[in-house]
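Notes to accompany the following structure.
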There are 2 protein chains.
Amino acid sequence: MSPEAVENDYRLQGQIGFVLRKANQRHLAIFSSHIVDLTPPQFAALAKLRDVGETSQNQLGGLIAMDAATVKGVIDRLAARGLVQLAKHEVDKRRLMVRLTGEGRQMIDQLVPVARTITEETLSPLSAKDAATLVALLSKIS
Amino acid sequence: MSPEAVENDYRLQGQIGFVLRKANQRHLAIFSSHIVDLTPPQFAALAKLRDVGETSQNQLGGLIAMDAATVKGVIDRLAARGLVQLAKHEVDKRRLMVRLTGEGRQMIDQLVPVARTITEETLSPLSAKDAATLVALLSKIS
DNA sequence: CAAAACTCATTCGCATGCAAATGATAGCTC
DNA sequence: GAGCTATCATTTGCATGCGAATGAGTTTTG
């Protein structure tokens, strides 16, 4: 095969990066149709806080795979809405501790079942077995 | 199982939305380490223009799954760098036609092989068979 | 043909997402 | 204990990404 033939064989639509982006797009659309009040990152933050209780902002970022700059924005917006509460760590004055408020707790408890629906709908084109395979393979390349 | 037990069973890390986001993150990191000059959306735009020749901005957006507002920003930045060329359609005055410049053509030709490497590296934790399965399953939920 | 409906592009506002630089604090090490 | 290093948070700058509103131009339809 000539070099040009090799090059011409490149199909954008089959590249992993492209399909990842498209799959993400569809998931976001489904998410938004079920949950209007929160974005996926905001939901992830609340869900994780519900699991772990109080943590520092950066630590939370680590748990939900967000860098410091990104998590700050997310947390600030949640705090502005009264869903999380912020407080300086008493000993280590660098750390900004985050915890759910009662309102935040109530909202996330309410939304977790909805999140299940979102996951189901996103994976609905696949059999249960294929869905499990997909999540497993994605985890491996994460 | 009590309702609370059901709720407590929710694991963020296993949700399709979360793994999609993380996989995307890793892919972006790999992409950036190989291609510094372009972002993935910019690359997609150039690669698609190389395939189809001249198209309108919106049409291009449709081909690479970008909405009108997003594609405009991407194209404007490519145009500012002289990688694409813009011109009003002579008949239909609404349309803004986009095409590669010589420079853009040269850049994308050069980068397509690199993109292959990026795809490979992203999928390197998987066997060839699993990689193909992953892309196929992702396509189904896109 | 004139009005309605549609398409294309643009703009605005908001929310990620990340790199890089900065300041404050903590911990380590000699 | 002073200095070096590491960590935490913040800020800035840039690039997606999408919803919604707007304006210009085109097509359809009554």
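All of these numbers come straight from a predicted model, not from anything done at the bench. Chain identifiers are assigned alphabetically (A, B, ...) following the order of the sequence lines, protein sequences preceding nucleic acid strands; residue numbering begins at 1 within each chain.
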Between [atom2] of [N] and [atom1] of [X], the distance in whole Å:
{"X": "L20(B)", "N": "dG17(C)", "atom1": "CG", "atom2": "P", "value": "12 Å"}
{"X": "I35(B)", "N": "dA15(D)", "atom1": "CD1", "atom2": "P", "value": "16 Å"}
{"X": "N24(A)", "N": "dT16(C)", "atom1": "CG", "atom2": "P", "value": "14 Å"}
{"X": "R26(A)", "N": "dG17(D)", "atom1": "CZ", "atom2": "P", "value": "18 Å"}

Query raised in the report: Using a cut-off of 4.0 Å on non-hydrogen atoms, how would the nucleic acid contact of S32(B) be classed: base, sugar-phosphate, or nothing?
Result: nothing
Requested in this report: State which residue, out of R116(A), H34(A), R26(A), fulfils the side-chain hydrogen bond (donor to acceptor under 3.5 Å, both in side chains) condition with E121(A).
Outcome: H34(A)
Query raised in the report: If you pin N58(A) and L28(A) to their nearest nucleotides in DNA chain D, which one's is more 5'?
Result: N58(A)
Student check: side-chain heavy atoms of [X] and [Y] closer than 4.5 Å:
{"X": "Q42(A)", "Y": "M107(A)", "result": "no"}
{"X": "D51(B)", "Y": "L12(A)", "result": "no"}
{"X": "D130(A)", "Y": "T133(B)", "result": "no"}

Requested in this report: With the side chain of R21(B) defined as its heavy atoms from C-beta on, choose the nearest nucleotide among dA15(C), dC18(D), dG17(C).
Outcome: dG17(C)
Tell me whether the side-chain N/O atoms of [X] come closer than 4.0 Å to OP1 or OP2 in [N].
{"X": "T39(A)", "N": "dT16(C)", "result": "yes"}
{"X": "Q25(A)", "N": "dC18(D)", "result": "yes"}
{"X": "Q59(B)", "N": "dT7(C)", "result": "no"}
{"X": "Q57(B)", "N": "dT10(C)", "result": "yes"}

Query raised in the report: Heavy-atom contacts under 4.0 Å between residues 73-97 of chain B and DNA chain D, which residues?
Result: V74(B), R77(B), V91(B), D92(B), K93(B), R94(B)
Query - Close residues, residues 60-72 of chain A, relative to DNA chain D [heavy-atom separation under 4.0 Å] - result: A68(A), A69(A), K72(A)
Using modelled atom types only, decide if a donor and an acceptor are shared between the side chain of [X] and the backbone of [Y] within a distance under 3.5 Å.
{"X": "Q25(A)", "Y": "A65(B)", "result": "yes"}
{"X": "T122(B)", "Y": "H27(B)", "result": "no"}
{"X": "R21(B)", "Y": "I64(A)", "result": "yes"}
{"X": "S56(B)", "Y": "L96(B)", "result": "no"}
{"X": "T119(A)", "Y": "Q15(B)", "result": "no"}

